[in-house]
Amino acid sequence: MLIYTHENPVVVANIQNLLAMAGIEVILKNEFASGGVGELAAVDAWPELWLVNDSQLSKAKTLIADAKRQGQREDWFCPTCKEQNGAAFEICWQCETPFPT
Ligand SMILES: [Zn+2]
């Protein structure tokens, strides 16, 4: 079943790594659907993480919730172009403005 999706592939990859390290098998779908930096992302093609073994659902959800709580920072909005950027981004993915400090 689908357990996680986010418009930012970096965020999805982080969650995937986290789950993999905990022994939870997931499948990544739509990995390349969002395009690269500077391209418009298709809203209906966010990368998705699908759980292989449904018996691991509660463990996976707990890990994802922990990861969200412990993220270095929240998603941030670019002061220049107002684009929303994932917490993993150091610069705006759209206009390359650095994260405001
Ligand atoms: Zn920007």
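Sequence positions, counted from 1, serve as the residue numbers for this chain. Being a predicted model, the structure only gives us computed values, none of them experimental. Ligands are counted one by one from 1 in listed order, and the atoms in each one are counted from 1 as well. We use all heavy atoms of the structure for the numbers below, so side chains are in, but hydrogens, waters and symmetry mates are not.
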- Query: Can you tell me how far CD of Glu90 sits from CD of Glu96, rounded to the nearest 0.5 angstrom?
  - Reply: 13.5 Å
- Message: Using a 3.5 Å distance criterion without hydrogens, assess whether the side chain of Asn8 forms a donor-acceptor pair with backbone atoms of Asn85.
- Response: no
- Here the Zn ion (ligand 1) sees protein N, O or S atoms within less than 2.8 Å, and their number is 4
- Is it true that atom CD of Glu25 has more than 12 heavy atoms of other residues, nucleotides or ligands lying nearer than 6.0 Å? no
- Query: For Ser58, what residues pass the side chain to side chain donor-acceptor pair (under 3.5 Å) criterion, not counting sequence neighbours?
  - Reply: none
- d(Leu63 CG, Ile15 CD1) to nearest 0.5 Å is 9.0 Å
- Message: Do Phe77 and Lys82 make a side-chain contact, defined as non-hydrogen atoms from C-beta onward lying under 4.5 Å apart?
- Response: no
